[in-house]
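Only a predicted model underlies this, so the values are computations on that prediction, with no experimental measurement involved. In what follows, every heavy atom counts, from backbone to side chain, and hydrogens, waters and symmetry copies are set aside.
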Amino acid sequence: SITPRVKEFSDHDSDVYCVLHNNNKQIVSGSNDKTIRTFDIEKGECIHKITSNQEIKSLAWWKQGQYLIEGGYGAPFDIHIRQWNQHDHTSQDHGSIVRTLKGHTDIIYVLVVDESNDQLLSCSEDLTIRLWDLNTGLEIKQFKGHTYCVYSLCKVDKNLLVSGSADESLKFWNIESGECVHTIEKAHSNSVMALLYSASNQVLISASSDNTIKVWDLKMGETADKCALKYTFENPYGQSCYAIAFLDGENDGTRVLVG
């Protein structure tokens with residue numbers, strides 16, 4: 001059965017590509033209309049708007065919501081770090097850019113923040129994955145190997161990164177060395193659009209525009225070449241699977257929502 005719509009937030013003038021929760025009372029969205037908008041969930045109203053210099057494809061929190069990081073969908077394809085006040089959007093510095101990370105030359109699809117060491121991972125249509133120091137804004141290294149745009153990223157542990165691409169592969173990277181340590185060619189029969197890792201279940205979950213979700217055995221501490229397909233789920237509506245999120249936990253869980 002299809003769950004009826006509860007509420008609609010419709011102030012954007014173009015496609016909305018990313019949404020984050022803000023203190024459980026608000027959502028923050030980024031759009032092709034070059035704006036970041038904050039909505040009051042209860043009222044369903046837009047309460048704040050920031051206009052960027054670029055269309056926005058990706059958003060992420062840093063320092064538990066003290067900063068909002070934005071990745072560009074259009075030129076100049078910047079990564080902006082913005083000051084954020086979760087409880088007072090009227091403050092003078094709210095939304096102001098404190099640092100800009102430059103290097104990507106095409107759409108920035110995913111931003112993954114490592115709060116433990118103030119680092120950021122980003123992936124792009126320019127075929128690269130980049131690791132950044134958020135405190136200095138400097139690029140630490142690049143991960144190269146995909147032959148088409150890199151749509152998805154997730155960290156398995158502090159030193160293992162997995163990426164998915166339009167080249168239909170999954171690649172496993174040693175973060176410290178920057179080397180690709182394993183590749184699953186033809187992991188899907190179309191682009192790998194999203195990835196999640198469940199540490200509690202020791203599985204990697206991939207979503208694809210081939211209309212499937214796949215679950216892979218990937219135990220922490222084992223080498224990446226031990227990763228093996230466990231289950232394949234077909235989308236019952238025959239549609240591409242573009243996004244996945246845990247329903248029963250922000251970073252881990254046993255139930256997954258597919259979009």
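Counting heavy atoms of neighbouring residues, nucleotides and ligands inside a 6.0 Å radius, atom NZ of Lys141 exceeds 12 of them. No more than 12 heavy atoms of other residues, nucleotides or ligands sit less than 6.0 Å from atom CD of Glu179.
Judged by distance alone, with hydrogens and angles left aside, the side-chain atoms of Asp210 form no donor-acceptor pair with the main-chain N or O of His188 at under 3.5 Å. Under the 3.5 Å distance criterion, the side-chain polar atoms of Asn22 are left unmatched by any main-chain donor or acceptor of Val28. Although no hydrogens or angles enter the test, the distance criterion places no donor-acceptor pair under 3.5 Å between the side chain of Lys230 and the main chain of Val203. Using a distance-only test at 3.5 Å, with no hydrogens or angles considered, no donor-acceptor pair links the side chain of Thr35 to the main chain of Thr51. A donor-acceptor pair under 3.5 Å is formed between the side chain of Asp248 and the backbone N or O of Thr254. At distances below 3.5 Å, at least one donor-acceptor pair connects side-chain atoms of Asp126 with backbone N or O atoms of Thr105. Side chain of Trp61 to backbone of His21: a donor-acceptor contact under 3.5 angstrom is found. In this structure a side-chain-to-backbone donor-acceptor pair under 3.5 Å is missing from Asp114 to Lys158. The closest donor-acceptor contact from the side chain of Gln54 to the backbone of Asp78 lies under 3.5 Å. The closest donor-acceptor contact from the side chain of Tyr197 to the backbone of Leu218 lies under 3.5 Å.
Counting side-chain heavy-atom gaps under 4.5 Å among Ile, Leu, Val, Met, Phe, Trp and Tyr, Tyr148 is found in no cluster with other residues. Under a 4.5 Å side-chain heavy-atom criterion applied to ILVMFWY residues, the cluster that includes Leu247 comprises Leu257 as well. Counting Ile, Leu, Val, Met, Phe, Trp and Tyr side chains that sit under 4.5 Å apart, directly or through other members, Val112 shares a hydrophobic cluster with Tyr17, Tyr73, Phe77, Ile107, Tyr109, Val110, Leu121, Ile129, Leu131, Ile140, Phe143, Val150, Tyr151, Leu153, Leu161, Trp173, Ile175, Met193, Tyr242.
Nearest heavy atom pair, residue Thr100 against residue Ile97, reads OG1-CG2, 3.5 Å. Between Trp84 and Ile50, the shortest heavy-atom distance links the atoms CZ3-CD1, 3.5 Å. When all heavy atoms are compared, the tightest approach of Lys214 to Ala187 is NZ-O, 2.8 Å. The minimum heavy-atom distance linking Glu42 with Lys7 is given by the pair O-NZ, 2.6 Å. Counting all heavy atoms, side chain and backbone alike, Gln239 lies closest to Asn235 at O-ND2, 3.0 Å. Heavy-atom minimum distance, Ser206 versus Trp216: OG-NE1, 2.9 Å.
Atom CG of Leu59 and atom SG of Cys18 lie 3.5 Å apart (nearest 0.5 Å). In this structure, OG1 on Thr128 lies 7.0 Å from NZ on Lys144, to the nearest 0.5 angstrom. Distance check: His182 NE2 to Lys171 NZ gives 10.0 Å after rounding to the nearest 0.5 Å. Residue His94 holds its NE2 atom at 10.0 Å from CZ of Arg82, rounded to the nearest 0.5 Å. Rounding to the nearest 0.5 angstrom, the gap separating the CZ atom in Phe9 from the CD atom in Gln26 is 11.0 Å. Put simply, CZ on Arg99 and OG1 on Thr136 are 7.0 Å apart, with the number rounded to the nearest 0.5 Å.
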Practice task
Would you please test Val256 and Phe246 for side-chain contact (heavy atoms from CB on, under 4.5 Å) and show each step?
Solution key: CA-CA 5 Å; Val256 173; Phe246 290 117; 4.1 Å; yes
Practice task
Please report the C-alpha distance between Gln202 and Met220 in whole Å, then the side-chain angles of each, then the deciding distance to 0.1 Å, and finally whether the side-chain contact (heavy atoms from CB on, under 4.5 Å) criterion is met.
Solution key: CA-CA 7 Å; Gln202 305 276 282; Met220 295 177 71; 3.7 Å; yes
Handout entry: Chi angles and distances behind the side-chain contact (heavy atoms from CB on, under 4.5 Å) call for Leu134, Val113
Key = CA-CA 9 Å; Leu134 287 170; Val113 174; 4.2 Å; yes
Practice task
Given side-chain contact (heavy atoms from CB on, under 4.5 Å), test Leu204 with Cys154 step by step and report yes or no.
Solution key: CA-CA 9 Å; Leu204 175 71; Cys154 90; 3.7 Å; yes
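In the hydrophobic clustering of this structure, Leu170 groups with Val181; members are Ile, Leu, Val, Met, Phe, Trp, Tyr whose side-chain heavy atoms approach within less than 4.5 Å, directly or through other members. A continuous path of ILVMFWY side-chain contacts below 4.5 Å connects Leu160 to Ile184, so both sit in one hydrophobic cluster. Cluster membership check: Ile244 does not share its hydrophobic cluster with Leu229, using side-chain heavy-atom separations under 4.5 Å among Ile, Leu, Val, Met, Phe, Trp and Tyr. A continuous path of hydrophobic side-chain contacts links Ile56 to Leu68 [ILVMFWY only; heavy atoms under 4.5 Å]. A single hydrophobic cluster is seen to contain both Ile79 and Val98, as judged by linkage of ILVMFWY side chains at heavy-atom distances under 4.5 Å, directly or through other members.
Using a 4.0 Å cut-off between charged nitrogen and carboxylate oxygen, Lys25 and Asp40 do not count as a salt-bridge pair. Using a cut-off of 4.0 Å between Lys/Arg side-chain N and Asp/Glu carboxylate O, Lys63 and Asp118 are scored as salt-bridged.
A side-chain contact (heavy atoms from CB on, under 4.5 Å) with Ser209 holds for exactly one of Cys241, Ser189, Ser191; it is Ser191. Considering Glu45, His48, His89, Gln86 in turn, His48 is the only one that fulfils the side-chain contact (heavy atoms from CB on, under 4.5 Å) rule with Thr38.
The shortest distance between side-chain heavy atoms of Arg37 and Asp33 falls below 4.5 Å. Proximity of Val215 to Phe233: side-chain heavy atoms (C-beta onward) are separated by under 4.5 Å at one or more points.
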